[in-house]
Amino acid sequence: MGTKTAACACGQLTVTVEGDPVRLSMCHCFECQRRTGSVFGVQARYPVERVKSSGEASVYERRGDEGNLIRFSFCPTCATTLHWVIDAQPELVAVAVGAFADPSFGAPTVSVYEDRRHGWVNLSAMAIEHWD
């Protein structure tokens, strides 16, 4: 996949990643729905050593459904959530796939919190691992 750069809406905060993600997933949890303003969030996880962030970021911390602390880095100007780290996996950085603004970015291979998935979201045609 080479080098890719994700950016916030105003371009002030960026993340550059090297290589392919180690996991590409979509999350239907209510917090991702609230965070994105959409019905799910899509994330690409990369080893921390292959991620470089530039620009000023603010951090929002919250506990996930399983009790893990998650630290979301977002732009203080436009409020785009660009990347985050889960304390249970500090070796990985999750990056919001939409922030790459690249329609050729790969499809998710994992779908989590499907018990909260909106009924009209149809994943049956996707080759994807499903978690309730």
Side-chain angles (χ1 to χ4, degrees):
M1 189 176 265
T3 300
K4 288 193 174 283
T5 300
C8 66
C10 72
Q12 184 278 133
L13 181 60
T14 62
V15 172
T16 301
V17 298
E18 293 286 336
D20 293 329
V22 296
R23 178 176 162 147
L24 189 51
S25 60
M26 63 189 336
C27 181
H28 304 275
C29 82
F30 295 139
E31 292 306 318
C32 280
Q33 290 181 36
R34 289 184 182 106
R35 178 181 57 79
T36 65
S38 183
V39 297
F40 53 79
V42 181
Q43 62 181 341
R45 293 186 191 180
Y46 294 89
V48 68
E49 65 273 6
R50 293 186 1 218
V51 178
K52 181 181 179 201
S53 181
S54 298
E56 182 182 344
S58 294
V59 175
Y60 168 68
E61 295 183 349
R62 73 166 179 85
R63 294 266 171 209
D65 288 355
E66 319 229 331
N68 295 308
L69 183 63
I70 308 168
R71 291 176 186 83
F72 295 91
S73 294
F74 65 95
C75 176
T77 302
C78 68
T80 301
T81 301
L82 193 58
H83 59 91
W84 54 97
V85 176
I86 302 169
D87 69 347
Q89 295 180 314
E91 73 281 4
L92 297 175
V93 176
V95 181
V97 170
F100 288 102
D102 178 0
S104 70
F105 206 96
T109 57
V110 177
S111 176
V112 299
Y113 292 104
E114 287 195 338
D115 57 335
R116 300 173 195 177
R117 179 174 49 90
H118 286 237
W120 55 265
V121 175
N122 184 355
L123 304 176
S124 62
M126 294 181 69
I128 193 167
E129 183 179 334
H130 301 272
W131 293 13
D132 285 335

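- Between P108 and M26, the shortest heavy-atom distance links the atoms CB-N, 4.0 Å.
- A donor-acceptor pair shorter than 3.5 Å can be found between the side chains of R45 and Q89.
- For the residue pair V97 and A44, the shortest heavy atom distance occurs at CG2-N, 3.6 Å.
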Determine, stepwise, if the pair H83 / V17 fulfils side-chain contact (heavy atoms from CB on, under 4.5 Å).
-> CA-CA 11 Å; H83 59 91; V17 298; over 6 Å; no
Run the side-chain contact (heavy atoms from CB on, under 4.5 Å) check on T14 and S54 step by step: do they pass?
-> CA-CA 5 Å; T14 62; S54 298; 3.5 Å; yes
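- When all heavy atoms are compared, the tightest approach of W84 to A96 is CZ3-N, 3.8 Å.
- The closest side-chain heavy-atom distance from P76 to Q12 is below 4.5 Å.
- The two residues C78 and C10 make their nearest non-hydrogen contact at SG-N, 3.6 Å.
- Counting only heavy atoms from C-beta outward, the side chains of S53 and L13 approach each other to under 4.5 Å.
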For the pair V15 and Y46, evaluate side-chain contact (heavy atoms from CB on, under 4.5 Å) and give the outcome as yes or no after the intermediate values.
-> CA-CA 11 Å; V15 172; Y46 294 89; over 6 Å; no
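- Here L92 is tied into one hydrophobic group with V22, each link being a pair of ILVMFWY side chains closer than 4.5 Å.
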Report the C-alpha distance between F30 and D65 in whole Å, list the side-chain angles of each, state the deciding distance to 0.1 Å, and finish with yes or no for side-chain contact (heavy atoms from CB on, under 4.5 Å).
-> CA-CA 10 Å; F30 295 139; D65 288 355; over 6 Å; no
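- For E18, the side chain to side chain donor-acceptor pair (under 3.5 Å) criterion is met by T3, not counting sequence neighbours.
- Residues A88 and N68 share a closest heavy-atom pair of CB-OD1, 3.3 Å.
- The main-chain N or O of D20 is found under 3.5 Å from a side-chain atom of R50 such that the two form a donor-acceptor pair.
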